[in-house]
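Here is the structure we will look at, set down as structure tokens.
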Amino acid sequence: MAYWLVKSEPDVFGWDAQVKSGKRGEPWTGVRNHAAKLNLLAMKKGDKAFFYHSNVGKEIVGIVEVVKEAYPDPTAESGPWVCVDIAAAEPLKTPVTLEAVKVDAKLKEMALVKLSRLSVQPVTDSEWKHICKLGGVKA
DNA sequence: GCCAACGTTGGC
DNA sequence: GCCAACGTTGGC
């Protein structure tokens, strides 16, 4: 099982929209970055990911699960882009803010801080457990 | 194939 | 609204 973090602007597609899409999930489209694409391709069904609100909120608000592995992105007008389907798993009891990540010695090396522009990024086991703890949910 | 210019993203 | 980071584009 691998762990990931996906970013979305809540104005465009936020946690609430993800929850509304239910168990069957929603295609995570629109990735137009090769590093992010590689991460999408590496995702397996059942992998978990944090759902991060960029720009507005700047916090990890919930956990999603990969329900369909990478397939061609139907919204891509050109190029070999892919998307996956993700479904809301559970919200964090306490959102973990970017600020909290930055000041936490265990988390400040995260891609979220170091590579702030990467929209799909891997999360290590220890980072995952630590954020779950901060968020008040079981890892 | 290098590198400068430009566009986009995202934090502040 | 500004700026830093970084990817992409285009001239050479």
Side-chain angles (χ1 to χ4, degrees):
Chain A
M1 156 100 66
Y3 299 113
W4 310 93
L5 182 146
V6 295
K7 306 206 296 196
S8 182
E9 300 206 23
D11 291 346
V12 181
F13 188 82
W15 176 251
D16 292 344
Q18 183 68 57
V19 169
K20 265 184 206 155
S21 75
K23 293 270 180 219
R24 255 184 295 160
E26 185 83 15
W28 193 262
T29 59
V31 170
R32 297 293 182 270
N33 170 288
H34 291 286
K37 183 185 129 181
L38 289 177
N39 289 329
L40 288 178
L41 288 169
M43 287 185 183
K44 298 289 178 213
K45 194 174 173 181
D47 280 358
K48 299 279 186 63
F50 288 125
F51 194 102
Y52 175 78
H53 279 171
S54 65
N55 245 315
V56 182
K58 283 171 291 175
E59 57 191 10
I60 297 165
V61 290
I63 293 172
V64 293
E65 185 175 334
V66 178
V67 293
K68 186 172 178 187
E69 293 177 17
Y71 59 96
D73 183 343
T75 70
E77 57 298 324
S78 68
W81 299 108
V82 298
C83 62
V84 298
D85 286 3
I86 60 173
E90 62 176 328
L92 295 191
K93 288 201 179 70
T94 314
V96 177
T97 64
L98 179 63
E99 200 183 0
V101 169
K102 278 182 158 174
V103 299
D104 195 306
K106 288 200 183 75
L107 301 176
K108 64 184 181 189
E109 295 299 315
M110 280 185 75
L112 185 62
V113 180
K114 296 265 169 168
L115 301 168
S116 62
R117 289 188 53 205
L118 186 59
S119 56
V120 181
Q121 34 185 274
V123 174
T124 66
D125 281 10
S126 57
E127 287 162 356
W128 182 270
K129 290 196 182 99
H130 194 65
I131 291 170
C132 283
K133 200 170 120 193
L134 294 178
V137 296
K138 278 210 287 183

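A note on names: the letters A, B, ... follow the listed sequences, proteins ahead of strands, and every chain is numbered from 1. Small disclaimer: the values here were computed from a predicted structure and weren't measured. Just so you know, these numbers use all the heavy atoms, side chains as well, and skip hydrogens, waters and symmetry mates.
When hydrophobic clusters are built by joining Ile, Leu, Val, Met, Phe, Trp and Tyr residues whose side-chain heavy atoms come closer than 4.5 Å, directly or via intermediates, W128(A) is not grouped with V66(A). No path of Ile, Leu, Val, Met, Phe, Trp and Tyr side chains, each step under 4.5 Å between heavy atoms, connects Y52(A) with V31(A), placing them in separate hydrophobic clusters. I131(A) and V120(A) fall into different hydrophobic clusters, where Ile, Leu, Val, Met, Phe, Trp and Tyr residues are linked whenever their side-chain heavy atoms come under 4.5 Å apart, directly or through other members. No single ILVMFWY cluster, assembled from side-chain heavy atoms under 4.5 Å apart, contains both F50(A) and V64(A).
Distances shown here put every side-chain N or O of Y52(A) at or beyond 4.0 Å from the OP1 or OP2 atom of dT9(B).
Atom CD in Q121(A) sits roughly 12 Å away from atom C1' in dG10(B) (whole-Å rounding). Between R32(A) atom CZ and dT9(C) atom C1' the separation is 18 Å, expressed in whole Å. Between I60(A) atom CD1 and dG10(B) atom P the separation is 15 Å, expressed in whole Å. Computed from coordinates, the K58(A) NZ to dG11(B) C1' distance equals 6 Å when rounded to whole Å. Taking atom NZ on K114(A) and atom C1' on dG11(B), their separation rounds to 16 Å, with Å as the unit.
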What protein N or O atoms touch nucleotides 3-8 of chain B N or O atoms at under 3.5 angstrom, if any, and at what distances?
{"residue": "dT8(B)", "atom": "O2", "partner": "R117(A)", "partner atom": "NH2", "Å": "3.0"}

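Judged by distance alone, with hydrogens and angles left aside, the side-chain atoms of K48(A) form no donor-acceptor pair with the main-chain N or O of A139(A) at under 3.5 Å. The closest donor-acceptor contact from the side chain of Q18(A) to the backbone of I86(A) lies under 3.5 Å.
The two atoms that bring F51(A) and S8(A) nearest to each other are CZ-CB, 4.1 Å, heavy atoms only.
Against DNA chain B, the stretch residues 98-106 of chain A makes heavy-atom approaches under 4.0 Å through L98(A), K102(A).
Sequence neighbours left out, the pairs with a member in residues 52-75 of chain A that pass salt bridge (charged side-chain N to carboxylate O under 4.0 Å, His left out) are R32(A)-D73(A).
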